[in-house]
Each structure stands twice: as structure tokens, then as C-alpha cells.
Number of protein chains: 2
Amino acid sequence: MARPQEFDTAEALHKAMGVFWRKGYEATSLVDLLEATGLSKSSLYGTFGGKRELFLAAFDSYREERTRDMGQILNQGSAREAIETFFRTIIDVARASEFSRGCMSINQAVELAPHDPEIQGRVEEDFQRIEDALTYTIKRGQADGSVRSNKDARELARLFVVAFPGLQVMMRAGGNKPRLDDALRLILSNLD
Amino acid sequence: MARPQEFDTAEALHKAMGVFWRKGYEATSLVDLLEATGLSKSSLYGTFGGKRELFLAAFDSYREERTRDMGQILNQGSAREAIETFFRTIIDVARASEFSRGCMSINQAVELAPHDPEIQGRVEEDFQRIEDALTYTIKRGQADGSVRSNKDARELARLFVVAFPGLQVMMRAGGNKPRLDDALRLILSNLD
DNA sequence: ATTATACTGGACCAATCGGTCCTCAACTCG
DNA sequence: CGAGTTGAGGACCGATTGGTCCAGTATAAT
């Protein structure tokens with residue numbers, strides 16, 4: 001019978017995710033990860049396999065969480081409000097914290113995706129997921145009348161998919177309030 | 001009388017800029033820079049001071065070049081066409097090369113700006129510059145009739161400033177053609 | 001020729017990197 | 001109790017990192 005594990009794997013993964021989200025992959029060292037998780041090297045390697053494996057697990061965990069969150073927000077209330085809530089949440093969450101992490105998928109679109117097909121595949125999946133969810137929500141809005149624009153739902157969704165990394169990057173870089181508020185208002189006006 | 005320098009400083013800087021643009025700061029090693037520039041360590045340190053100093057010089061050089069390019073594009077022809085050309089160029093340049101580097105300022109908005117006030121200042125400056133240039137061009141378009149929208153020029157410009165990193169990030173991550181083309185068409189339609 | 005000066009090549013350096021390995025620890029089962 | 005198994009701590013490792021330093025080089029001036 002083996003010695004029981006002292007730490008909670010999911011919690012350690014969540015801590016690691018926070019570090020990778022904030023610092024990116026290259027700038028995150030093993031010492032950073034050990035400190036954040038409270039694990040010893042042996043425990044970390046034994047459980048996750050290595051830095052890259054831990055990163056992939058953390059990234060996938062992040063993506064699942066965000067997919068779930070997005071689904072919840074976009075399925076609540078009128079479609080128009082849901083889309084607005086989704087985008088305002090980007091800004092509100094970032095403004096509520098001292099350090100703006102942006103979105104891990106967008107960060108990786110810039111850092112690793114250009115050089116690493118495995119990451120690029122995941123990022124492209126995320127973009128596709130956001131596009132599909134927004135397309136569906138816009139169609140819902142065109143049906144319920146909350147989205148007044150009668151342009152093609154997928155085309156509208158694609159505009160919002162481009163706006164998403166735009167907003168995330170600007171928030172991560174420090175976020176000038178009037179610019180973002182004006183931009184978001186105009187972006188959303190495309191639904192009207 | 002000193003021994004004359006064998007290499008061209010501007011050319012070495014340009015080579016270094018290319019590496020930093022493609023790989024980012026952390027993932028670029030001294031060996032990468034020495035290979036790209038053809039310099040020895042002593043020459044590199046003697047001329048530029050160190051990795052960070054070289055990076056800052058390269059980044060500033062990049063920003064000056066892009067500012068000039070943007071000015072040229074936005075000052076040519078009707079305002080509406082100029083803005084469209086500016087944004088289509090993002091996509092065309094990326095599609096013409098095997099490796100899509102995106103935009104160094106946007107890449108640094110994600111990589112270093114959140115942790116490094118000196119970089120963050122430069123990135124914010126770049127965003128402001130783009131916003132000012134677009135505001136001016138939109139006003140020009142509203143005066144010459146090529147921009148039919150009568151919304152506030154600065155507000156419109158802010159929408160485009162958010163779209164800019166959105167497009168750059170998506171191109172760097174691999175760029176799905178229909179999504180980008182649809183998104184760009186809709187973004188530009190805000191001028192009509 | 002010598003001197004002074006900056007340039008070049010590359011050896012050397014301490015610190016850090018991600019990963020391996022060894023020993024001891026914690027547990028159940030027979 | 002001993003055996004078997006996985007977990008934990010941390011020493012050890014070779015490679016890499018950014019930076020320093022030393023000896024030789026190239027040039028003009030005296």
C-alpha cells in the first residue's frame with residue numbers, strides 16, 4: 001500500500017495555472033512553480049511529469065474553465081445583454097485586480113502558438129469555440145429581438161472574435177479606460 | 001587611433017530586431033542574437049551594452065519604422081481607402097510570409113508590458129499614436145466624404161485601435177482566413 | 001618604430017535552468 | 001515484524017544563461 005499523497009492535485013494544478021497565466025511559459029521557472037504549489041520537485045515531477053506537461057495540463061484546465069464560464073454568461077438573459085455581459089466581464093475582471101493577466105489563450109497565441117503546433121491547435125480551437133458560441137447567441141438574439149442587426153450571425157460573431165483578443169491584450173498591457181469603454185460601446189453597437 | 005568597426009551597427013540592430021520580433025524577449029538567447037547579427041559577444045556588448053539594452057534599441061527602432069509606415073499609408077489617397085489599406089496590410093504581410101511575426105508592440109503588450117513599466121510606457125505610447133493617427137484620418141475622411149459615418153472620430157478610432165491587436169494576435173497565431181476577412185469587412189463597415 | 005585607442009575572438013565565470021536520483025517516510029497487507 | 005509501493009525532500013547533474021575579461025588585432029598619430 002503506497003504512501004498517501006499529501007497535497008491536492010487539482011489545487012496544485014490551479015496554483016501552477018495562475019503562475020503560467022501571469023508570467024507565460026518561458027519566464028516561469030521551476031522555482032516559481034514550486035513556490036506557488038508548495039510541492040517539492042519530486043512531487044511535481046512525479047505527479048505531472050515535467051514543466052511542459054504541467055503547462056499543458058494547466059492550460060487545458062484554464063480553457064475548460066473559461067469555456068464553462070462563457071457558456072454560463074452567454075446563456076443567461078436576453079442574447080444582447082449576455083453578449084454585453086461577456087465583454088464587459090473582460091474589462092471588469094481585469095480592473096478589479098492589481099495585476100491584469102488578460103486571457104491565457106490569447107497570451108499563448110502570442111507566445112507559443114507561432115512556434116508550437118500543439119499550442120496553436122488549442123488556441124485555434126478556442127477561437128473557434130468562441131466564434132460558435134457567439135454565432136449561436138447572436139442567432140438567439142435575432143430570434144428574440146434583442147439583437148436588432150439582421151446581418152449574418154457568423155459574420156457578426158467573427159467581428160466579436162477579433163475584438164476579444166484586442167480587448168484582452170489592451171487590458172493586459174494596462175488598459176486605458178476611455179479607449180476601452182468607447183471601443184466596446186461601438187463594437188456592441190454592431191448588434192443594433 | 002582606434003581600430004575601425006567591421007560590422008554595420010544599424011544592420012546588426014535590424015537583425016536583432018527580427019529575432020526579438022519573432023521569438024519575444026525571454027525565449028531569445030544570446031546565442032540566437034550572435035548568430036543573427038554575426039557579432040562576437042564582445043562586439044555586441046561593446047556596442048549595445050547587453051541583452052536588455054539591445055532589446056530596447058531594437059524595439060524603439062521597430063516602433064519608429066512602423067510609425068513611419070503607418071503615416072505613409074494613412075496619408076495616401078482617400079481616408080476611407082487609406083484606413084482599409086492599413087488594416088489589409090496587416091493581413092497581407094502576414095500571409096506573404098511563412099512565419100507570422102504579428103506586431104512587436106502587441107507581442108510586448110502581452111509579454112513584458114504587464115511586468116515592466118518601461119515597456120508598458122512604450123506600448124501605451126504606440127496605442128495612443130495609432131489612435132491619434134486614425135482619429136486624424138477619420139476626420140479627414142468625414143471632411144472629404146469618403147468616411148460616411150458621422151460618429152465621433154475619436155470613438156471610431158478607438159474601435160479600430162482595439163481591432164488592431166485583435167487582428168495582429170490572430171495572424172500571429174495562425175490566421176483563419178474567412179474569420180479575418182469577415183471580421184475586417186464588418187469592422188471597416190463602421191466607417192460607412 | 002612606438003603609443004594609444006577601440007575592436008575582435010573566445011575563454012572563463014557564477015548563477016540558473018529543467019531534470020534525475022537517492023534516501024527516507026508513510027501507508028497497508030500478510 | 002518485514003515486504004512492497006508510492007510520496008516527499010533535497011542533493012546532484014549537465015547544459016544553458018547573460019555577463020566579464022584577457023590577449024591579440026587594426027588603425028592613425030607621433
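Letters A, B, ... are given to chains in the order of the sequence lines, protein chains preceding strands, and every chain is numbered from 1. The model shown is predicted, which means the values in this text are computed figures rather than measured ones.
For A/L44 and C/dC17, the CG to P distance is 15 Å, given to the nearest whole Å. For the pair B/F48 CZ and D/dG18 C1', the computed distance is 16 Å after rounding to whole Å. Distance CZ (A/F7) to C1' (D/dG9): 13 Å, rounded to an integer number of Å. Rounded to an integer number of Å, the gap from CD of A/E26 to P of C/dT16 is 18 Å. In this structure, the CG atom of A/D8 is 12 Å from the P atom of D/dA8, given to the nearest Å. Distance, A/E35 CD to C/dG18 P: 13 Å, rounded to whole Å. Going from atom CG of A/L54 over to atom C1' of C/dC17 covers 16 Å, rounded to whole Å. For the pair B/L30 CG and C/dA14 P, the computed distance is 18 Å after rounding to whole Å.
The shortest side-chain heavy-atom distance between B/R22 and B/T28 does not fall under the 4.5 Å cut-off. Proximity of A/Q168 to A/S105: side-chain heavy atoms (C-beta onward) are nowhere separated by under 4.5 Å. Two residues are said to be in side-chain contact when any heavy atoms from C-beta on lie closer than 4.5 Å; A/F127 and B/N176 fail this criterion.
In this model, the phosphate group of D/dG9 is approached by a side-chain N or O of A/S40 to a distance below 4.0 Å at OP1 or OP2.
Among the heavy atoms of the strands lying under 4.0 Å from A/S29 are primed sugar atoms or P, OP1, OP2 only; no base atom is included. No contact: A/G46 has no heavy atom under 4.0 Å from any strand.
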Which is it for A/Q108 and A/R122 under the side chain to side chain donor-acceptor pair (under 3.5 Å) test, yes or no, and what are the steps along the way?
CA-CA 9 Å; A/Q108 291 313 311; A/R122 284 167 164 80; over 6 Å; no

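Looking at B/R154 and A/D182, no side-chain N of the basic residue comes within less than 4.0 Å of a carboxylate O on the acidic one, giving no salt bridge. A salt bridge between A/R52 and A/E118 is present, with a side-chain N of the basic residue lying under 4.0 Å from a carboxylate O of the acidic one. Taking a cutoff of 4.0 Å between a charged side-chain nitrogen and a carboxylate oxygen, B/R3 and B/E6 qualify as a salt bridge.
Closest-nucleotide positions on DNA chain D for B/T28 and B/E6 were compared, and the one nearer the 5' end corresponds to B/T28.
For a distance-only test at 3.5 Å, the side chain of A/K41 qualifies as a donor-acceptor partner of the base of C/dG19. The base of C/dG19 does not come close enough to the side chain of A/K51 for any donor and acceptor atom to sit less than 3.5 Å apart.
When distances run from any side-chain atom of B/S42 to the nucleotides C/dG18, D/dC21, D/dA8, the shortest one goes to D/dC21.
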Taking only N/O atoms, report every protein-nucleotides 27-30 of chain D pair under 3.5 Å with atom names and distance.
residue, atom, partner, partner atom, Å
D/dT27, O2, B/M1, O, 2.0

